[in-house]
Novice: 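Structure provided below as structure tokens; questions to follow.
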Amino acid sequence: MILYVNHIMLAIIWAAVTGSFSPSNLLFGLVLATGSLYVIREQVGSLGYFTRARRVISLGLLFFYELVLSAWRVAVLVMSPRMDLKPGILAYPLTLERDFEIALLANLITLTPGTLSVDVAEDKSTLYVHCIDCSNPDATRRDIAEGFERKIIEAFHPMSADEATK
Amino acid sequence: MSASEAFLSFTVLAALALLSISFLVSVLRVVIGPTLPDRILALDMLVAIALGFIAVIGIKTGFALYLDIAIALGLVGFLATVAFARFVISRAADSEMLDPDEQNRVAKKQ
Amino acid sequence: MRTLILRTVAPYLTSLMVLFSIFVLLRGHNEPGGGFIGGLIAASAFAIYGIACGVQAVRRAIRFHPMAISGAGLLLAALAGVFSLPFGVPFLTGLWLDGDPFGFSIILSTPLFFDIGVYLVVVGSITSIALALEERESL
Amino acid sequence: MAAEAGKTVDLSGAMITDPVALADWLIVAPVAVPMIAGAILLMLRKETAIHASLAAIALALVFASEVALLVRVVSEGPLVMTMGRWLPPFGISFSADVLGVSFAAVAGLIAFVCSIYAARDINTIGRRYGFYPFLLLMMAGVSGVFLTGDIFNLYVWFEVLLISSFGLLILGSEREQLDGATKYALLNLVATTLFLIATGYLYGTFGTLNMADIARKADDLRVTGPLITLAGLFLLAFGMKAAAFPVNFWLPASYHTPRIVTSALFAGLLTKVGVYALMRILVMLLPAERDILGQTIAWVAVATMIFGIVGALAQSDIRRLLGFIVVSGIGTMMAGIALASPLGLSGAVLYAVHSMFAMTGLYLVAGLIREQTGSFSLHDASGIYRDNPLLAGAALLLILAASGLPPMSGLWPKVFLVKASLDVGAWWLAASILVTGLLTTIALGRMFALVFWRNGKAGIEAKVPAEKMRLGYVAIGLIIIPVAVLGFYPEPAITLTDAAASGLLNPATYIDAVFPGADR
Amino acid sequence: MIDIVQNYLAGTLIIIGSAFTLVASVGLVRLPDVYSRMHAASKAGTLGSGVMLLALAVVAEDQATVTRALAGILFFLLTAPVSAHLLAKAAYAAGYQLWGESVLDQMEPVNPAGKEKASDKSRQ
Amino acid sequence: METALSFTVAIFFVVSIYLMLSKHIIRIVIGVAILSNAVNLLIFTAGRVVREVPPIIPEEAMTPLTATANPLPQALILTAIVIAFSFFAFLLVLAYRAYQTLGTDNTDDMRLAEPKGEGLPPLGY
Amino acid sequence: MGTSAQNLTFLALILPFLGAIFAPALTKAFKHNAAWILALIPAWIFIHFFGFLPDVAGGNAVTGGFKWIPSFNVNFSWFLDGLSLTFALLISGIGALIVLYSGGYLKGHQHQGRFFSYMLMFMGAMQGLVVSDSFMMLFVFWELTSITSFLLIGFDHAREASRRAAIQALVVTGMGGLSLLAGLLVIWNITGYSEMSLLLLTGDSVRDSPWYLLALILVLGGAFTKSAQFPLHFWLPNAMEAPTPVSAYLHSATMVKAGVFLVMRLNPVLGDTVAWETILPLFGGTTLIIGTLLAIRQTDLKLMLAYTTVASLGLLVMLTGFGSDKAVEAAVLYLIAHSLFKGTLFMVAGLVDHEAGSRDVTKLGGLRRAMPITFAAALLAALSMGGLPPFSGFLAKEEIYAALGFQDGWTGFLTLVAIAGNALMLVIGFVVALKPFLGPKPETLDKAHEGPLLLWAGPAVLSLAGLALALFSTAYHHYLSSPMASAVAGNEVKVYISIVPHVGLPLILSVVTIALGVVAYLFVNRLRATMAAILTAIGWGPDKGFDQLISGLVRAACLITRIVHNGRLEIYMTMTFLVVAVALFVPMIWGGEMPSMPAFPDLEFYEWTVLGIAIIGLGAVVNANDRLTAIVSLGIQGFAVALLFMLLGAPDLSFTQFMVETLSVVILALAMTRLRLSPADHRPTGEKLIDLAVAGACGTGFGLLLLKITQLPFDATLSDFFNANARVIAHGRNVVNVIIVDFRGLDTLGEIAVVMVAGLAILALIRIRLGQTKTHKPETERA
Ligand code: NA
Ligand code: NA
């Protein structure tokens with residue numbers, strides 16, 4: 001099931017890249033996707049389902065918004081005559097457990113304002129984040145927890161039966 | 001030439017100018033360092049600028065084919081950074097492997 | 001390299017890059033690209049995979065020894081040249097089978113197989129180099 | 001499958017319309033066969049047991065096709081195949097003339113012999129890490145060099161053989177091998193890069209890469225184009241490949257470091273490729289420029305001969321001694337290029353052929369010396385005349401050949417070159433050739449006395465199984481046959497080298513073969 | 001009509017993109033340590049090039065180019081944070097210090113890779 | 001354009017040769033990498049320069065509609081780049097192995113094949 | 001000459017070589033008695049040639065042969081006139097006896113078969129040498145005699161003295177051979193003839209040529225080395241290291257006469273000039289005197305004989321160069337006589353050594369009873385050597401004195417030289433022939449007795465032949481000496497001398513010689529002591545000089561080679577690029593191929609930027625203090641080049657360049673990780689400046705040449721063709737790619753072969769570790 005989804009996705013990407021959604025090209029993309037998935041067959045764990053599409057899109061929108069915002073903030077910061085910086089590294093306790101989710105969170109954090117994932121602890125319990133403004137670490141932690149982390153849980157966490165039917 | 005085309009060609013030139021400055025500024029960071037990750041980061045930045053440069057040239061010449069180059073550059077630029085990071089980390093495992101001036105830099109806060 | 005983030009992202013990136021490399025390979029006859037560049041992209045993909053998930057993972061993933069792939073590539077390219085032998089034309093003469101099987105213009109032809117040979121050689125050799133170096137690193 | 005899209009298009013302006021006979025594929029076989037065989041061996045890299053025989057079969061095929069090609073070329077004149085069916089100069093032409101095919105055939109035989117010798121000498125690890133693929137690809141490169149009629153393609157084949165030689169050179173990874181390989185690799189890389197640079201300039205000047213095309217355009221461009229400088233660059237690049245003084249450092253630095261069969265192969269194939277290219281480019285394509293550079297080439301020849309043989313006298317290691325003798329032989333060949341008379345060129349080609357056999361043979365002998373005595377050193381190796389007279393006899397014959405003494409192969413080319421020098425009053429060139437011959441006699445005579453005649457530590461038993469020695473003898477015997485034939489009855493060979501020389505000096509037939517019916 | 005919109009949009013986008021790129025470069029020079037500089041590069045830089053690729057997609061005349069440009073942006077967004085992370089992790093593991101005026105460093109006590117450096121590093 | 005490129009090519013050559021003349025094996029290898037670029041630019045320039053028009057035939061035409069950049073030197077350079085890259089990789093690994101085995105990056109100290117202070121060959125017979 | 005005779009002569013020329021092949025097997029089967037079979041070969045040859053005597057005596061030359069290397073105008077052809085036929089008979093006749101003698105002398109020797117083989121090969125070579133008509137054939141056989149004598153002298157290879165003597169002979173005669181080759185080629189160039197028979201008809205054209213002196217010196221270089229003329233005589237006494245049959249054959253009768261043969265052969269061509277008649281007597285006379293004086297000093301029988309051989313050769317050269325028919329007659333008579341008596345005496349010396357175990361005259365004596373036949377043969381030979389009647393030596397000496405006379409100061413001087421030489425040779429002859437046999441017999445020699453037939457047959461026959469020739473002088477002169485003298489003189493010469501003494505000056509001189517000789521014989525021990533003292537005082541001779549030359553050569557070679565090939569890559573590189581700079585600038589300036597002054601380039605600002613970045617990147621690479629900065633900077637210039645390609649309409653190149661640069665950087669980073677490299681440039685500033693100058697010169701040169709070429713008009717035929725046909729015929733819109741996979745697909749095939757091999761080579765380099773393969777310890781480290 002999961003591989004099947006991956007197949008489809010890759011085939012669609014193939015069609016997008018080649019710019020032709022003709023059946024034969026999609027079929028060919030499927031063949032190619034088989035090949036490229038075969039290559040990573042060990043690493044592919046379970047990925048979400050189509051039912052999560054809405055949440056994924058929501059996550060995506062949040063992300064683009066944050067990206068633009070962060071770029072703007074950095075721009076302002078850099079261009080200001082006297083940069084007022086209070087950088088530092090804070091430890092963020094993770095509630096996420098799966099690698100995929102942790103990686104996604106870390107990347108999203110990196111792409112957003114003033115934060116940069118430096119490392120994940122060996123035991124996956126902590127994410128170390130470099131903040132360009134570390135004057136209030138707790139606030140930063142809270143922003144992450146209520147922003148990306150929550151959205152990720154919504155989008156990708158194993159759903160209970162009732163959630164799935166929502 | 002229509003006004004929109006004139007606008008576009010003006011913005012292309014302006015963008016090329018901005019990118020040229022960006023290039024030089026980033027190259028400056030590569031040259032002055034001072035640390036190894038600084039240089040790697042600057043190289044990474046250069047890749048990003050080159051990507052934009054390619055896009056602008058693509059718009060200027062009207063050849064969309066430059067897009068593929070940009071994509072590939074993005075991908076391999078990533079590879080370069082991965083390799084450099086790999087390099088830095090494995091050198092860290094054996095600090096004696098550091099070049100002497102790098103050792104100074106690592107230890108300068110003592 | 002022990003990093004969860006890279007290890008998680010790398011397989012997806014790798015498969016995307018392999019896909020992209022094939023795209024570049026097949027399009028080379030009409031747009032920038034071709035076997036060599038495609039091969040380099042694929043090799044880069046395997047290099048990333050190797051750095052992130054270890055050399056053994058790559059070796060298992062591609063099954064054959066990379067140099068064997070490279071040899072197969074050279075063989076394919078050379079045979080694409082020899083293919084013209086029964087047709088009374090010189091070595092490496094391009095022969096085409098017209099058609100549009102995949103909705104975009106790939107034409108089965110000896111130059112295509114030749115280019116695939118190039119691709120395989122480059123993938124095999126460069127991957128072999130990268131893996132050998134990486135393997136040595138992680139000793 | 002043969003449904004060709006071009007059917008509606010008129011091909012005659014772009015493509016060759018005459019069908020290609022199967023027999024014409026002989027011209028591709030020397031490149032395609034070893035390449036395919038090399039690729040297959042690489043795919044079967046774990047099946048090391050079959051490597052030796054498969055490689056030997058492939059090389060025998062190569063040699064056979066080269067001999068067949070030679071027969072055809074001698075009877076029918078230069079044979080041309082332009083790849084991809086495109087009209088020359090648009091496609092890459094292989095143009096086989098007597099010069100190229102003769103060289104290729106000799107190279108083929110040498111590679112075959114070395115593959116036989118290697119069957120006993122290269123172990124499983126050497127095979128798995130590609131000895132035979134290297135050998136085969138090197139042969140493909142060498143054949144390509146000798147057959148191609150396109151100058152950029154020539155560069156490509158140079159690189160193929162160069163990288164294969166790198167592989168052979170480092171196989172084993174001994175300490176001094178790495179040092180030798182570093183110098184070899186860097187200096188040779190400089191040489192091929194110079195070749196590439198010169199080719200780039202040449203293209204910028206001529207707008208073409210086909211040699212026949214260049215030959216027929218050279219007259220017009222001589223006025224405006226910087227052809228002398230170009231000729232100088234080619235001279236330098238190929239001189240370096242050929243190991244001419246003062247750019248020959250790479251050879252003595254490396255030839256003694258790899259497996260002996262590799263040294264033998266190198267001695268037979270590598271430098272001669274440079275000599276061939278000098279002939280092809282300077283004599284055939286840029287004759288007027290070669291005339292201007294003639295005096296320079298002659299002095300380079302003299303210096304190469306003398307410094308080469310002086311180097312040989314200074315060595316304790318047999319392999320290094322032989323390496324310097326290879327160098328001095330290059331000087332002798334350069335003398336022929338400097339003279340560029342029919343006799344001089346014929347002598348140079350003959351010398352090249354002789355040197356390919358004789359030096360390969362001597363390196364193989366050196367390998368057996370080591371197996372018999374445990375050493376390559378003139379200080380230590382000894383007692384072979386007593387313990388192994390057969391080997392001593394073989395060595396003596398090869399020593400005679402290398403010294404230019406009768407009745408072996410070295411005599412006639414030397415006589416040709418001395419006579420050709422005297423014909424133009426270049427007595428100093430003649431004297432250098434003769435003095436070099438004498439010094440070679442001294443160097444190799446001393447070696448014979450020390451290593452073969454002298455009895456060292458009494459009764460060193462040959463530790464090598466007789467069966468293993470037998471394969472070595474077979475290889476050396478296969479080398480000695482042509483060496484002796486070239487000495488006793490050189491007439492057929494001289495007919496060939498005369499034809500080769502005249503082909504170089506009168507490229508009209510070559511050009512006509514590439515551009516049939518074209519007006520020069 | 002479409003052309004005109006395309007041209008104005010693309011022109012604007014490339015100006016925005018190149019401006020962001022310039023800002024990122026300036027940040028690269030002005031910010032005090034490698035970790036801070038990464039913020040500039042991985043955010044403004046990524047956005048800048050992404051926007052310029054988007055501009056290329058805007059002027060493109062065929063759908064294939066558009067989809068490919070978007071795919072390119074996706075690739076870029078996927079890789080940029082990973083490279084920033086790797087570089088930061090590597091720099092930290094190799095012992096390159098935070099800027100002297102940094103206010104916090106909660107990482108080292110629990111990070112095994114940096115352990116050997118911890119002893120000789122003054123902490124904020 | 002050709003003039004500027006000739007000038008640039010000259011600088012590339014100067015730098016690469018200067019690096020190759022050093023005794024430091026890594027500098028030499030880097031010099032080799034630059035040399036390849038120098039040569040590629042040289043070939044490119046020798047084939048004369050046309051700006052910004054790639055030799056790609058538009059979808060709707062059978063031959064190029066305008067004057068394009070000269071495709072042949074590009075093809076030659078592509079071949080040359082690939083070859084140069086292969087050699088570069090080999091040299092680099094060779095340098096690496098040489099360093100590992102011989103314990104030095106100074107080519108002056110890499111003298112095993114032709115060692116310093118070699119004795120005379122036997123002077124007797 | 002009929003076909004069958006032609007075939008038989010050819011057989012005669014190659015039969016010794018065929019015999020050489022079968023000799024080892026025959027010896028294995030029949031032991032030393034194989035000599036009887038093998039001796040049939042030279043015997044048959046002797047008979048074959050003997051049959052030509054009447055014809056040749058009638059003034060005809062026997063010629064024949066066939067084409068060998070027609071492209072080079074070289075034939076395998078022979079020319080038998082009086083000179084070559086006499087030599088051929090001596091070689092085959094004495095050869096047969098020597099083969100028998102060898103059978104006895106090396107009886108039971110482990111490698112007797114090999115010895116026979118070498119002997120026969122030598123015989124064949126010598127035979128070929130004297131009958132050759134074509135220059136090249138002569139030269140080939142000439143060198144073959146050197147090579148076979150090398151093997152024979154070194155036969156006792158375990159001893160260093162043998163090896164040294166063999167090398168010495170090879171080097172000296174080899175040098176001569178090359179000189180001869182050059183001389184013959186010069187003559188060939190002068191006359192256009194490469195055959196003796198034709199050359200002999202055109203002596204004047206050679207003598208009148210400006211190249212005459214060069215040709216003369218080169219030919220004499222060959223002759224004098226082979227015939228051991230002072231100061232190149234030293235190899236011959238050393239060659240006595242060889243077994244005695246070799247000495248008897250090569251170093252008295254045959255090989256050493258090859259030089260004399262050559263001089264005689266070319267006398268009609270090169271002779272009759274001032275140079276000829278000065279150089280030959282000068283060297284010959286000196287050699288005669290020095291040879292005899294050195295002979296006196298020896299106590300070893302063989303060495304004494306060897307030095308007298310040197311002296312005799314000097315005498316022969318002197319006579320040949322004298323320039324009169326009489327002198328030629330004398331030379332011919334002496335040559336034949338010498339071959340017979342010297343061959344005998346060497347064999348005697350060998351016999352004595354073989355039976356008595358010593359060759360030291362001071363330890364020998366009283367063997368006349370034990371070895372009567374040997375003694376008789378020795379006596380006959382000694383008398384002939386002493387020039388006493390009725391022996392052939394007498395005829396020779398009479399003719400010598402008749403030829404020289406006291407016509408003027410020069411001839412008088414030469415006569416005195418001849419008298420002194422002959423007297424001393426008489427002494428030696430007597431010492432060798434009488435001393436071992438007369439007087440009391442030391443106890444150590446009790447076991448000595450006469451050798452077997454195989455051993456004494458040779459000396460007996462030869463010594464008797466010396467007598468017979470003198471007794472039947474008419475036939476001798478008719479068949480041998482007159483034809484030979486005619487051939488040497490180049491005109492009809494008749495020899496009349498018989499054992500009936502001339503009354504007159506020659507007789508008086510003979511008597512003086514004998515008297516002097518007898519007196520000297522009585523004081524031989526004192527003479528020997530005096531010579532020894534003188535030689536010790538001098539302390540140096542060409543023999544020592546040879547060693548010094550060889551070791552000096554080796555030392556000088558080492559010195560030069562250690563400087564030129566010093567093992568330093570940096571020097572190699574600097575040298576190479578220096579040559580590059582020269583190769584660029586010299587033709588460019590000298591050939592007038594400089595570019596004209598270019599206009600200022602017209603570039604857009606962003607093009608400038610890209611070029612600027614490239615150059616900054618380059619600067620950063622050079623300036624980099626640590627390798628990572630260098631690697632990153634390398635990446636910058638690579639990216640700049642890629643951007644440049646993109647701006648110049650080369651997307652494929654740009655694409656590839658980006659990929660390759662990145663991968664280069666990646667591989668660099670991967671490979672460099674574990675290396676601990678010193679960051680600094682190892683060069684001191686001075687060296688940096690030199691390197692910068694070299695690099696600057698090369699770079700400027702490349703740039704200027706490029707500029708020059710871009711200023712020429714460009715021929716775009718190829719690219720036009722590719723553009724026109726890429727899509728129409730080859731179905732590709734990307735012209736560059738179509739070129740790569742179709743138009744020039746072969747390049748790409750080669751290119752991927754490079755990639756594949758590089759991959760494999762790198763794998764081998766990384767994987768194979770020291771000691772994993774069958775290792776061999778580096779030889780080079782021993783010193
Ligand atoms: Na392509
Ligand atoms: Na230097």
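Here is the naming used below: chain letters follow the sequence lines, and residue numbers restart at 1 for every chain. These numbers come from a predicted model, not from an experiment.
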Novice: For D:Leu202, which atoms come within 4.5 Å of any heavy atom of chain F: side chain, backbone, both, or neither?
Specialist: neither
Novice: Against chain D, label F:Phe13 side chain, backbone, both or neither, depending on which of its atoms sit under 4.5 Å from a heavy atom there.
Specialist: side chain
Novice: Among the options F:Leu72, F:Thr107, F:Ile28, pick out the one with the most heavy-atom pairs lying under 4.5 Å from chain D.
Specialist: F:Leu72
Novice: With respect to chain F, which residue among D:Leu189, D:Leu321, D:Val190 yields the maximal number of heavy-atom pairs within a distance under 4.5 Å?
Specialist: D:Leu189
Novice: Quick check on F:Leu41 against chain D: is it the side chain, the backbone, both or neither that has a heavy atom closer than 4.5 Å?
Specialist: neither
Novice: Out of D:Ala253, D:Ser254, D:Ala314, D:Ala185, return the one with the most heavy atom pairs under 4.5 angstrom to chain F.
Specialist: D:Ala253
Novice: Side chain, backbone, both or neither: which part of F:Leu120 has a non-hydrogen atom closer than 4.5 Å to chain D?
Specialist: backbone
Novice: Would you check if F:Pro64 and F:Ile57 make a side-chain contact, meaning some heavy-atom pair closer than 4.5 Å?
Specialist: yes
Novice: Kindly indicate, with the supporting measurements, whether the criterion salt bridge (Lys or Arg N to Asp or Glu O under 4.0 Å) is fulfilled by D:Lys183 and D:Asp179.
Specialist: CA-CA 7 Å; D:Lys183 285 165 190 159; D:Asp179 177 31; 3.2 Å; yes
Novice: Side chain, backbone, both or neither: which part of F:Ile83 has a heavy atom under 4.5 Å from chain D?
Specialist: side chain
Novice: Among all residues two or more places apart in sequence or in another chain, which pass the side-chain contact (heavy atoms from CB on, under 4.5 Å) test with D:Ile318?
Specialist: D:Leu322, D:Ala366, D:Ile369, D:Leu378, D:Met447, D:Val451
Novice: Do F:Thr79 and D:Tyr155 pair up side chain to side chain, a donor and an acceptor below 3.5 Å, judged on atom types alone?
Specialist: no
